[in-house]
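Below is one structure, written out as structure tokens; comments come after it.
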2 protein chains.
Amino acid sequence: MMFVMNRPGSRRKRSKGDLTSQAILDTAEQLLETKSLDEIAVDELTSGAGISRSTFYFHFESREAVLYALSERVAEGLYDSAALWLRRGSEPPAESIRRAISGTVALWRAHGPVLRAAVRARDTSEMVRGFWSEVARKFIESTAQQIEIERDAGVAVAGPPSARALATVLVSMNETMCYSLSLGRKSAARDREVVETLTAVWLRSVYGVPQ
Amino acid sequence: MMFVMNRPGSRRKRSKGDLTSQAILDTAEQLLETKSLDEIAVDELTSGAGISRSTFYFHFESREAVLYALSERVAEGLYDSAALWLRRGSEPPAESIRRAISGTVALWRAHGPVLRAAVRARDTSEMVRGFWSEVARKFIESTAQQIEIERDAGVAVAGPPSARALATVLVSMNETMCYSLSLGRKSAARDREVVETLTAVWLRSVYGVPQ
DNA sequence: GAAATTATTCGACACGGTGTCGAGTGAGCA
DNA sequence: TGCTCACTCGACACCGTGTCGAATAATTTC
């Protein structure tokens, strides 16, 4: 189901090492459903992958490096979701915002454990922090840009707060809510409520209230 | 500067054990300014307090228990801050909300390291989670109550989202922003910007936009 | 104020996890 | 066939944790 590519375009056959790396990553993703990253011992990872503990260090530098690799698996989907922030044509704002938020929630539902571990590791691992702050930057950037477009068009309420500050708060808010939502049992009703609430806050904060 | 009381009303003299517990707590709070809780080894705590490592376990069950005790030190101030959520008399909403948010930001500035450690430990330690979810509950509860009062008075925009769902999102948002704000260098300008932005989101989400 | 009790401290120990090293092993290729 | 390089392994040194029982300091009891 999941896989890591060799360098793009490489026709090199999947080597044995790739397979073990894969097995480690799969085991890690599975274990993260139960425990946090630093509760996972290296030998849990390797016994799950059918190799000895020391072999782990041939494939990864550390547990954090595993998380980094897992993050890359998810990042692609995240960027797709980011593209949704940009409003399409004449569609009303409520629709595009709801759709974008729905997409983010769905992604957190699909990869909650990895995303939560990544968020937590931001405070710990320089490597992970760099990666995810870049992701966050793109989200915030495109949101701020969109807010500015709407303000220039006279559709959105003017600042202060600046488009950038507002975008930062809104994006962080989404992340926080997705994090805590993904901790609970999967529930379509709860998902819908969160999407509705977040959408309402976005709309009111950016556009004001529809009378 | 900081101290822990014996049972209230007890006139028992400060025992030696109380003093070492204190020293451990003070050392912990100081170390948290630099490292996260699980980067702090027990012997860093005890050497800071001038005792041997094993003596630590006489005073605390674990590192998490230390954090719990530190949380209690801060909790009081937090409840004072919570009381501010409730709007005072005829004061305009913008004022009371800005004042409440300012209070929270100030508290995070004063005790950022402890509060951050506590937030992180929520996912790890049952004890810490219980304590802080109770704190969060009170914040959310009183906010939701206030939103309902304003809605009934026709001042705030009606739901959905429900007062409770809206309150949850807004309170979490504040926490998240305070967390990341307290990570950066102390800056009055930045503080002001964050307070303004959060206030704006609260006002627009609860009351709608002033034309 | 001496004896008994309780509070506090300590060093030693067993345990479990980490990361490294050098010695294998084996698959593919010249 | 033999070389090379990717891969694997067990052994080892290290570090932090948590527990135990013995030693000592403080406090209470008589």
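Lettering of chains follows the sequences in order, A, B, ..., and the numbering in each one begins at 1. Predicted, not measured: the structure shown is a model, and the values here were computed from it.
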Exercise for the section: Examine the base of dG18(D) for any acceptor or donor lying under 3.5 Å from a partner atom in the side chain of R53(B), and report the outcome as yes or no. Expected result: yes
Exercise for the section: Verify, without hydrogens or angle tests, whether E39(B) (side chain) and S36(B) (backbone) share a donor-acceptor contact under 3.5 angstrom. Expected result: yes
Fill in the blank from the handout: Of the listed dC10(C), dT18(C), dG16(D), the closest approach to the A41(B) side chain comes from dG16(D)
Practice task
Return the value, rounded to whole Å, for the distance between atom CG of D38(B) and atom C1' of dT17(D).
Solution key: 14 Å
Fill in the blank from the handout: note: F60(A), atom CZ; dT20(C), atom C1'; distance rounded to Å ~ 19 Å
Exercise for the section: Ignoring backbone atoms, establish whether T55(A) has a side-chain N or O less than 4.0 Å from OP1 or OP2 of dT8(D). Expected result: no
Handout entry: Side chain S205(B), main chain W202(B), donor-acceptor under 3.5 Å
Key = no
Practice task
Between dT18(C), dC9(D), dC10(C), spot the one nearest the side chain of I51(A), thanks.
Solution key: dC9(D)
Completion exercise
D43(A) atom CG is separated from dG10(D) atom P, nearest whole Å, by 13 Å
Practice task
Find the distance D18(A):CG to dA6(D):P and express it as a whole number of Å.
Solution key: 12 Å
Problem - side-chain N/O T20(A) vs dT8(D) OP1/OP2, d < 4.0 Å - result: yes
Problem - Short side-chain N/O contact to dA6(D) OP1/OP2 from H59(A), under 4.0 Å - result: no
Handout entry: Between dG18(D) (P) and L45(B) (CG): distance, integer Å
Key = 12 Å
Problem - F58(A) CZ to dC5(D) P, straight-line distance once rounded to whole Å - result: 13 Å
Completion exercise
When rounded to whole Å, the CD to P distance for the pair E39(A) and dT18(C) reads 13 Å
Handout entry: Nearest heavy-atom neighbours spanning T197(B) and A165(A)
Key = OG1-CB, 3.5 Å
Exercise for the section: Examine the base of dG10(D) for any acceptor or donor lying under 3.5 Å from a partner atom in the side chain of S54(A), and report the outcome as yes or no. Expected result: yes
Handout entry: Distance-only side-chain donor-acceptor flag, S172(A) / T176(B), under 3.5 Å
Key = no
Handout entry: base_contact_polar (dG18(D) base, R63(B) side chain, donor-acceptor, <3.5 Å)
Key = no
Completion exercise
Against the side chain of Y57(B), the closest entry in dA6(D), dT17(D), dT18(C) is dT17(D)
Problem - Spacing between E64(A) atom CD and dG17(C) atom C1', to the nearest angstrom - result: 14 Å
Handout entry: Test item: R116(A) side-chain N/O and S182(A) main-chain N/O as donor-acceptor pair under 3.5 Å
Key = yes
